[in-house]
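Basis for what follows: all heavy atoms, side chains included, without hydrogens, waters or symmetry-related copies. As the structure lists them, so they are numbered: ligands from 1, and atoms in each ligand from 1. In this chain, numbering begins with 1 at the start of the sequence shown.
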Amino acid sequence: MALVEVQVPDIGDFDEVAVIELLVKVGDTVKAEQSLITVESDKASMEIPSSTAGVVKELRVALGDKVKQGSVVLVVETAGASAAPAVSAAAAPAAAVAAAPSAAVASTSAAATTGPVEVRVPDIGDFKDVAVIEVMVKPGDTIKVEQSLITVESDKASMEIPSSAAGVLKDIKVKVGDKVNIGDLLAVLEGAVSAPGPAPVAAAVATLAAAPAAPVAQAFSPAPAQAPVATAPSAPAHNPLGHTAGLPHASPSVRKFARELGVPLNEVQGTGLKGRITADDVQAFTKAVMSGSVQTKAQAAKAPAPASGGAGSELGLIPWPKVDFAKFGPIERKEMSRIKKISGANLLRNAVMIPAVTNHDDADITELEAFRVLTNKENEKSGIKVTMLAFLIKACVAALKKFPEFNSSLDGDALIYKQYYHIGFAADTPNGLVVPVIKDADKKGVLQISQEMAELAKKARDGKLGPADMSGATFTISSLGGIGGRYFTPIINAPEVAILGVCKSQMEPVWDGKTFVPRLMLPLSLTWDHRVIDGAAAARFNAFLGQILSDFRRVLL
Ligand code: COA
């Protein structure tokens, strides 16, 4: 028995790549070459294999960590003493092979031309026969130098192959499913200008150098990687999210897994870091399709046309209006953030698939607000600020306990009643809406909830929420109280069955039976899934919530 630290091997001359997936956990038995983590640069993702077999004793990296050659990934307990050489084998520095790219450079070293230019697969290590999984351009497109043309994938890594020249794409010579090798003809450009400095192939290699060309090669083959990157100039930075538009954000092994199951990956919602699709997401999607709660687009297309006729989309709607806005005035086109794209797809599904109803009500929070102000005064030194939302979370837990169907989820024809109370809260961030989750809110006091909420909201605004911070909610609150408004109709965050929307409280004259008295009233909007909840139950839920908020001692009952 020996404890061995498994390190990131020599994966080229790039450093600081982000860990986007942990593929093993403490206690797992791993084989040599088994993938341990997935890392990602702006052009490629790859899995880092283990240099040795054994049992995982300790994980030394977390999601979002940046790693480079030599970073310890985990500690493995091995059966014998043979592990050390395996580690050093994995970490053996790659041999620099500048010869291959420079030979290609020599054959195509024209600095500029107007005639057709052939773009070929550059030297990206010693892997062979990698599959084209996406063609990102079409004839007629104007191509820039370094623009990604295709994505290729092995069982361990995927990468984009950039163009070595600029021009108009005359012909694309590969299609999805083709296998390509170094030197294969990818495309022909016309009116092309090759990259200044390095010739086409070298330029392509250079791009892969900024992204990991060598690591890709290494991941493809456990043998020491060739490293054209050793001499390649660095490439400009790329938007890590923008260039993969169209290709689902998932590691090669997850894509393979999805292919085996026949899962359309572009319909799967990613819950991993940066919206990445994980193996669990593929599994959850499969389960949802099998249980009938979700339909794939192909299934929906085969479904009988609705009574209104089937001329439009699969819902039988007329097509989305296409307007040339520029005809009417100046415009600017901006891609939506990834969060917006992901949440938009979710919101649309939830809005379309859930028969949702919203009840509006008001809660008298006059005393509770006075108590909140007092609490903040008394706790001034602690640095913890209590907002109404923390009290609302606690009040909702009490209501969820009294009306358990609000804390349930649909599973086919059955309801899953959850006996834990994890409350999500919508948080506004510069990149869009996210929903961090306060876990086990029933076991926490208002001060602790406030503190956790402040930490999660900060993480959300800094774009640092991990999947664990955003999963497992049983009920969600969307508070616009700090901003304004009267009432709104929040959309349920499936598979939850209800959501509470809260707006800004204000002083209102309330009739006490004899006279109007000024009371601080909090507008509540409860949206609920009519398949699970009846209108009467929703009205009772709101009324109960109102009672608690007007006399918070009831939380104790
Ligand atoms: N009525 C009146 N005032 C309220 C209030 C309410 N219901 N809720 C909060 N406030 C006040 C707070 O007391 C605070 O006042 P202060 O600065 O004078 O102390 C101010 O509004 C700002 O509160 P905020 O920082 O927003 O804290 P919060 O706990 O209420 O909310 C977040 C935290 C993260 C939820 C919030 O910042 C956020 O992102 N809200 C937007 C959610 C959203 O976009 N929902 C829509 C989804 S469709």
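Atom 36 (C) of ligand 1 is not flagged as protein-proximal [any protein heavy atom, distance under 4.0 Å]. Closer than 4.0 Å to atom 17 (O) of ligand 1 lies at least one heavy atom of the protein. Less than 4.0 angstrom separates atom 39 (O) of ligand 1 from at least one non-hydrogen atom of the protein. When distances from atom 24 (P) of ligand 1 to the protein are checked, no heavy atom turns up under 4.0 Å.
Within the 4.0 Å heavy-atom criterion, neither part of Thr429 lies near ligand 1. Contacts with ligand 1 closer than 4.0 Å are made by side-chain heavy atoms of Leu480 only, the backbone lying farther away. If you look at Asp428 next to ligand 1, the close heavy atoms, those under 4.0 Å, come from the backbone and the side chain alike. Contacts between Ala390 and ligand 1 below 4.0 angstrom, taking non-hydrogen atoms only, are absent altogether. Contact annotation for Met521 and ligand 1: no heavy atom of the residue comes within less than 4.0 Å of the ligand.
Comparing Met388, Lys385, Gln506 against atom 14 (C) of ligand 1, the shortest heavy-atom distance belongs to Lys385. With Ser478, Ala454, Ala457 as candidates, the residue nearest to atom 47 (C) of ligand 1 on a non-hydrogen basis is Ser478.
Considering backbone and side-chain N/O of Leu522, none are found under 3.5 Å from N/O of ligand 1. The shortest N or O to N or O distance between Thr387 and ligand 1 is below 3.5 Å. For ligand 1, the polar-atom distance check finds an N/O of Ser505 within less than 3.5 Å of one of the ligand's N/O atoms.
For the pair Arg553 and Asp551, the salt-bridge criterion is met [side-chain N within less than 4.0 Å of a carboxylate O].
Interatomic distance, Gln269 CD to Phe285 CZ, rounded to the nearest 0.5 Å: 10.5 Å.
Within a 6.0 Å radius of CZ in Arg540, no more than 12 heavy atoms belonging to other residues, nucleotides or ligands are found. Other residues, nucleotides and ligands contribute only 12 or fewer heavy atoms inside 6.0 Å of the CE atom of Met290. Other residues, nucleotides and ligands contribute over 12 non-hydrogen atoms within 6.0 Å of the CG atom of Asp324. No more than 12 heavy atoms of other residues, nucleotides or ligands shown are found within 6.0 angstrom of CD on Gln419.
The main-chain N or O of Lys144 is found under 3.5 Å from a side-chain atom of Gln147 such that the two form a donor-acceptor pair.
The shortest side-chain heavy-atom distance between Asp529 and Pro355 falls under the 4.5 Å cut-off.
You'll find the ring centres of Phe552 and Phe371 outside the 6.0 Å limit.
Heavy-atom contacts of Ser479 reach the following atoms of ligand 1: 40 (N), 41 (C), 42 (C) (cutoff under 4.0 Å).
Given atom 31 (O) of ligand 1, the protein heavy atom at minimum distance is Leu389 CD2, 3.8 Å.
Figure legend: Lys439 and Tyr420 shown without cation-pi pairing, the cationic atom not lying both under 6.0 angstrom from the six-membered ring centre and within 45 degrees of its axis.
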